[in-house]
Amino acid sequence: MKKGNNIWDRIDTVLIVVQYTTIDELKKYREAIRDGGLNVNNCELMAIVGDKKERETLSHQSIAVFISEKDYNIIGQLKNASAQKVLGRKYDAIFIIGETSKRLRKLFNKTSRKFSVGLNSTNNEQDVNLETEVNSPQHLINFAKETLEKII
């Protein structure tokens, strides 16, 4: 973990959860992570897709781990091994960008972390909720960085 006076300087490992739109947008998130001063190798990007078929189609992409609302078995256990591995790690922070289903929010809330940040989310379960009008990956990560740098 880095040493510093503000929250952003103390972040090393991060999980960023986004709604999947395109591979290019996920690449922009990776670039924004790097530009924000975080080590991209310590940051996981998880993209929420619509269904299991779409997740399986995209699973060969190494840029992110894909998860679907439909990745649960009949008794409610997550059966996506990649997502289980990522969610089993410990993080300094989790950034959830946009809205997520109640089932997935519960899953993210169980993940070990020091604090969580919701960006453009109405989820009141996050430690910090931030709202901004611009939705570009670069702006969202930079906005979170600038805001967290102000918090000691």
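Quick note: numbers below take in every heavy atom, side chains included, and nothing from hydrogens, waters or symmetry partners.
For E69 (side chain) and R103 (main-chain N/O), no donor-acceptor pair under 3.5 Å exists by modelled atom type. Between the side chain of N80 and the backbone N or O of K52, no donor-acceptor pair lies under 3.5 Å. Judged by distance alone, the side chain of N109 and the main-chain N or O of R105 form a donor-acceptor pair under 3.5 Å. For the pair T13 (side chain) and N42 (backbone), a donor-acceptor distance under 3.5 Å is absent. Panel note: side chain D92, backbone V14; no donor-acceptor pair is recorded below 3.5 Å. Of the possible polar contacts, one joining the R30 side chain to the I63 backbone as a donor-acceptor pair under 3.5 Å is found.
At a threshold of 4.5 Å between side-chain heavy atoms, the hydrophobic network of Ile, Leu, Val, Met, Phe, Trp and Tyr places I67 and L45 in two separate groups. Tracing side-chain contacts under 4.5 Å through hydrophobic residues (I, L, V, M, F, W, Y), one reaches I96 starting from V86; they form part of the same cluster. Linking Ile, Leu, Val, Met, Phe, Trp and Tyr residues whenever their side-chain heavy atoms come within less than 4.5 Å places V128 and I141 in a single cluster. In the hydrophobic cluster analysis, where Ile, Leu, Val, Met, Phe, Trp and Tyr join through side-chain heavy atoms closer than 4.5 angstrom, I16 is grouped apart from L87. When hydrophobic clusters are built by joining Ile, Leu, Val, Met, Phe, Trp and Tyr residues whose side-chain heavy atoms come closer than 4.5 Å, directly or via intermediates, I97 is not grouped with F108.
In this structure, CD1 on I94 lies 8.0 Å from OG on S112, to the nearest 0.5 angstrom. The NZ atom of K79 sits 6.0 Å away from the CG atom of N73 when rounded to the nearest 0.5 Å. Note that the CD atom of Q138 and the NZ atom of K28 stand 10.0 Å from one another [nearest 0.5 Å]. Atom SG of C43 is separated from atom CD1 of I33 by 5.0 Å, given to the nearest 0.5 angstrom. Considering OG1 of T111 and NZ of K90, their distance stands at 12.5 Å, rounded to 0.5 Å. Atom CD of E146 and atom CG of L130 lie 11.0 Å apart (nearest 0.5 Å).
Side-chain contact between R113 and L15: absent, with no pair of heavy atoms (C-beta onward) separated by less than 4.5 Å. With a 4.5 Å cut-off on side-chain heavy atoms, Q61 and F66 count as touching. Residues L148 and N6 have side chains not in contact (no heavy-atom distance under 4.5 Å, counting atoms from C-beta outward). In this structure the side chain of D127 never reaches within 4.5 angstrom of the side chain of K114, judged on heavy atoms. Side-chain contact check for F143 versus V134: every heavy-atom pair is 4.5 Å or farther apart.
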Checklist entry - So I11 and Y91, side-chain contact (heavy atoms from CB on, under 4.5 Å) or not? Walk me through it. => result CA-CA 9 Å; I11 294 175; Y91 298 96; over 6 Å; no
Checklist entry - Hey, mind stepping through I7 and F115 against side-chain contact (heavy atoms from CB on, under 4.5 Å) and telling me if it holds? => result CA-CA 10 Å; I7 290 177; F115 69 95; 3.1 Å; yes
Item to check | From CA spacing to verdict: side-chain contact (heavy atoms from CB on, under 4.5 Å), V18, L140 | outcome: CA-CA 11 Å; V18 300; L140 290 168; over 6 Å; no
Item to check | Chi angles and distances behind the side-chain contact (heavy atoms from CB on, under 4.5 Å) call for I23, K27 | outcome: CA-CA 6 Å; I23 294 296; K27 289 178 182 177; 3.7 Å; yes
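Atom NZ of K53 has 12 or fewer neighbouring heavy atoms from other residues, nucleotides or ligands inside a 6.0 Å radius. Within 6.0 Å of the CD atom in E131, the count of heavy atoms belonging to other residues, nucleotides or ligands exceeds 12.
For the residue pair G98 and S121, the shortest heavy atom distance occurs at O-CB, 3.5 Å. Heavy-atom minimum distance, A47 versus L26: CB-CD2, 4.1 Å. Across all their heavy atoms, A32 and P137 have their closest contact at CB-O, 3.7 Å.
Among L104, T122, N120, I48, the single residue meeting the side chain to side chain contact (heavy atoms under 4.5 Å, CB included) criterion with E99 is T122.
By the 30° and 60° cut-offs, the orientation of the rings of W8 relative to F95 is tilted.
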